[in-house]
Amino acid sequence: MSELLILNPLPDFLLEPLRARHVCHDYFHAPDRGALIADMAERIRGIVMSGGGVAPVPLLEKLPNLRIISVFGVGYDGVPADWCRAHGIRVTNTPDVLTEDVADTASALVLMTSRNLAAANRHLLAGAWLNGPFPLAHALRGKLAGIVGLGRIGRAVAHRLEAHGMRVAYHGRARQEVPWEYFESLTGLAAASDFLIVACPGGAETRHLINAAVLEALGAEGTLINIARGSVVDETALIAALQRGVIRGAGLDVFENEPQVPRALMSCENAVLLPHLGSGTHETRRVMAALVVDNLAAHFSGKALLTPVC
Ligand code: NAP
């Protein structure tokens, strides 16, 4: 049985099949992580971690026989992929299987922000309906959805929003063969968009891509939706923009320092905040778990990886 390091908390439906096939060492809950690594370093052949986890190079350097990192998620910005590539460590993730759920979450945030649905729910529960109707909100039809990062999830979001009568445009590092307008400039896309929807990867390259200037361009009738990674948005600039009415609103599933969410952001009436639940359905998480198990099985039996990053 190969030995694995479980870097951060994972659901039982993933841990159970892993424990049946491997010897698993729980790094996150270890009372003395340093001692665990000192004892086990030579024996660890693989790491399993969630998409939001971080595998720091100094830790990986201590594991001379590490050969694979399997990420339970599609985003692998917590893995030093270039370092792994250079050191012959394979990395896998769980693409495609979560695309539809995350796109559903993005569409839900567009609807929740445009129609002010969370506030409407609070209005009814507080008994305020008895005193008068809920204020009018904004329609989606004809509005422009600007997608930042037109990948698997970005495209699925675009199709959903077209079904709501919205127009679609996008920004990315390159133009794609799609029927939607391409903006080489992110600020240009923001200025044209009613909803700016962030669906690119996290990591150093996209850190604070959405900054004060982009929010200024999005403007007072614009709404920011982020289902990508908290690191992509300058949260301090976003809070200021929400407080000052620089933008109309925001719908966020991800935050810079999860699960910590700044109180100032929670106090913004014009923000809808979700606890990183983009792919959080029973159905999808189980398929993701199976993909992690199958990638490890393929690796340890010398077969081709199912969904390799590198
Ligand atoms: P994907 O297919 O790789 O799509 C990412 C897209 O981002 C690519 O099309 C890429 O297009 C674009 N991109 C890359 N770098 C960019 C940059 N610097 N500026 C603008 N666009 C850039 O990945 P995916 O499966 O759609 O997933 C996207 C991300 O969603 C993941 O990395 C993850 O962080 C996040 N996610 C969040 C949740 C959640 O629960 N909220 C769940 C799953 C995934 P170009 O190469 O043309 O630039």
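Every number for a ligand or one of its atoms is a count from 1 in the order of the listing. Residues take their numbers from the sequence shown, with the count starting at 1.
Taking the six-membered ring where tryptophan is involved, the planes of Y170 and Y182 are tilted, since the angle between them lies from 30° to 60°.
Polar contact with ligand 1: absent for V74 (N/O pair, distance under 3.5 Å). The shortest N or O to N or O distance between G154 and ligand 1 is not under 3.5 Å. For ligand 1, the polar-atom distance check against A199 finds no nitrogen or oxygen pair separated by under 3.5 Å. Backbone and side-chain nitrogen or oxygen atoms of H276 are examined, and one is located within less than 3.5 angstrom of a nitrogen or oxygen of ligand 1. Not a single N or O atom of H171, backbone or side chain, sits closer than 3.5 Å to an N or O atom of ligand 1. Between D253 and ligand 1, a contact under 3.5 Å exists for at least one N or O pair. At a 3.5 angstrom cut-off on N or O pairs, R173 counts as close to ligand 1.
Shortest contact from atom 38 (C) of ligand 1 to any protein heavy atom: I227 O, 3.6 Å. Of the protein's non-hydrogen atoms, G149 CA, 3.6 Å is the one closest to atom 12 (C) of ligand 1. Remark: minimum distance from atom 18 (N) of ligand 1 to any protein heavy atom is reached at E205 OE2, 3.3 Å.
Here R160 pairs with E100 in a salt bridge; the nearest charged N to carboxylate O distance falls below 4.0 Å.
The two residues L150 and Q176 make their nearest non-hydrogen contact at O-NE2, 2.9 Å.
With sequence neighbours left out, the salt bridge (charged side-chain N to carboxylate O under 4.0 Å, His left out) criterion links E3 to R43.
In this structure, the side chain of N270 engages the main chain of R248 through a donor-acceptor pair within 3.5 Å.
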